Amino acid sequence: MSVAPARVVVVEDEEAVRDAVVRALAEDGYAVAAFSDAREPQAILHGAPDLAVLDVLLPGGDGFALARTLRAHRDVPVVFLTARDGVSDRLAGFEVGADDYLVKPFALEELLARVRAVLRRTGRLSEPLQVGDLLIDESTGDATRAGHPLGLTPTELRLVAFLARHRGKLLSKTQILTQVWGYDAYGPNLVEVHVSALRRKLETRGSRMIQTVRGVGYRLVP
Ligand code: CA
């Protein structure tokens with residue numbers, strides 16, 4: 001599908017459902033990780049997922065609490081799988097930032113359609129990001145400035161896409177680190193090194209786009 005497939009993490013304790021969901025997502029081209037309980041949020045976020053599919057009733061905590069924990073550390077869209085069709089459950093889901101939900105039993109094609117829609121809507125799939133003359137297509141892995149390919153590495157692409165999604169906003173190195181590299185990454189140096197490499201590539205093709213705010217972080221501006 002793409003240079004860097006979108007990463008989806010699935011947390012579901014029912015083995016048959018989990019296996020089916022994982023297989024369907026993998027066949028649709030996603031990089032998939034799966035867990036059977038809510039006990040290890042750090043591990044769940046380890047691969048820096050682009051989307052989480054969470055069962056609501058889980059050993060080790062419910063899916064809503066897990067979503068809250070995950071989203072405290074990473075801006076990850078969540079699609080809930082729920083066996084219960086109660087209105088309060090839906091509301092609770094949306095209160096914790098559910099991007100969508102499916103009531104069991106559901107068709108796998110329906111799940112794939114929802115996942116695709118959420119990834120699109122949250123700028124993680126297909127819809128190219130544009131900031132000034134910078135164009136980023138995460139689904140193909142291409143980034144151009146004024147039509148010139150920038151030759152970004154997958155990490156640089158994730159980095160510039162994150163900056164572009166939050167254009168004009170000051171982002172701390174810690175924020176960038178957890179969002180682009182993952183929950184347990186450390187070392188602001190990693191961010192600095194990649195930002196300077198990215199900046200070199202961006203600025204051979206145009207004016208300065210990444211502003212440095214000393215001691216704080218970075219901001220992408222057109
Ligand atoms: Ca369950």
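For ligands, and for the atoms within them, numbers begin at 1 and follow the listed sequence. In this text the structure is predicted, and so the values were computed from the model without any measurement.
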From the Ca ion (ligand 1) out to just under 3.0 Å, does an N/O/S atom of L57 turn up?
yes
Identify the heavy atoms of R74 and V180 that sit nearest to each other, and give their distance.
NH1-N, 4.2 Å
Between R18 and E14, does any side-chain N to carboxylate O distance fall below 4.0 Å?
no
Among the N/O/S atoms of D13, the Ca ion (ligand 1) lies closest to OD1
Evaluation steps, ring-ring contact (aromatic ring centres under 6.0 Å, His included), between H194 and W181
CA-CA 11 Å; H194 283 83; W181 276 268; 5.0 Å; yes
Begin with the C-alpha distance, continue with both residues' side-chain angles, and end with the deciding distance and a verdict on side chain to side chain donor-acceptor pair (under 3.5 Å) for R165 and T122.
CA-CA 9 Å; R165 268 196 292 278; T122 54; over 6 Å; no
Examine D55 and say whether one of its N/O/S atoms is closer to the Ca ion (ligand 1) than 3.0 Å.
yes
Check whether any N, O or S atom of E12 sits under 3.0 Å from the Ca ion (ligand 1).
no
